Amino acid sequence: MIDLKLPTLSPPQDPPDDLNSMQIEKWKLAMRKYDKKIELRQTNSNQIHGLIMGHCSQALHNCMESHSEWSNVDATSNFINLLKIIQVRMAQGQTRKHELHSLYDVESMVYKSVFYLLPY
């Protein structure tokens, strides 16, 4: 599977005590840029989460709800973990919200195929 993650944002280093006013202003500017990047990442994350959810079918949405981390991912709008859940669910081929429903579907398909193979 593909390892999905965002690059980490690191804050600017704290300035030493012996800086002049120009260097302090540069540090303040770097700190404001860092804060803006964090804010934009959160805003974009919420928008991407909504965009991905809007493109998911109801069947896939039901499958994702059965994942153990779904409530946390949905509450935090973490689109990376949402993509990981989609990746896992698509690889599993689970078509229902509850695994027992999928098991029942497979069993009924097997019994129907055996019924048609029986001689009359």
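Since the structure is predicted, the reported quantities are computational estimates derived from the model, not experimental observations.
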### Task
Provide the closest heavy-atom pair for Val73 versus His49 in the form atom of the first, atom of the second, distance.
O-NE2, 3.9 Å
### Contact check, side chains of Leu60 and Met90, non-hydrogen atoms, under 4.5 Å
yes
### Query
According to a 4.5 Å side-chain heavy-atom criterion applied to Ile, Leu, Val, Met, Phe, Trp and Tyr, with indirect links allowed, do Leu6 and Ile48 form part of one hydrophobic cluster?
yes
### Query
Between His61 and Trp70, what is the shortest heavy-atom contact and its length?
CE1-CZ2, 3.9 Å
### Message
Test: salt bridge (Lys or Arg N to Asp or Glu O under 4.0 Å). Region: residues 28-38. Which pairs qualify, not counting sequence neighbours?
### Response
Glu25-Lys28
### Query
Just how far is it from atom CG of Asn62 to atom CD of Gln58, taken to the nearest 0.5 Å?
4.5 Å
### Message
Tell me if the CD atom of Glu69 is crowded by more than 12 foreign heavy atoms within 6.0 Å.
### Response
no
### Message
With a 4.5 Å cut-off on side-chain heavy-atom distances among I, L, V, M, F, W and Y, is there a chain of contacts connecting Met31 to Leu29?
### Response
no
### Query
How long is the span from the NE2 atom in His67 to the CG atom in Asn72, to the nearest 0.5 Å?
11.5 Å
### Contact summary for Tyr34 and Pro11, nearest pair of heavy atoms
CE1-N, 3.5 Å
### Query
Which heavy atom of Arg89 sits nearest a heavy atom of Cys63, and at what distance?
NE-O, 3.1 Å
### Query
Looking at side-chain heavy atoms only, is the closest gap between Ile86 and Ile52 below 4.5 Å?
yes
### Query
How many angstroms lie between NZ in Lys26 and CG in Asn20, if you round to the nearest 0.5 Å?
8.5 Å
### Asp74 vs Met64 side-chain heavy atoms within contact, under 4.5 Å
no
### Query
Does any non-hydrogen side-chain atom of Gln47 lie less than 4.5 Å from one of Ser77?
no
#### Entry: Those residues that, when tested against Trp27, pass ring-ring contact (aromatic ring centres under 6.0 Å, His included) (two or more places apart)
none
### Non-hydrogen atoms of Asn78 and Ser45 that approach each other most closely
CA-OG, 4.3 Å
## Note on the structure
CD1 (Ile85) and OG (Ser68) are apart, to the nearest 0.5 Å, by 7.5 Å
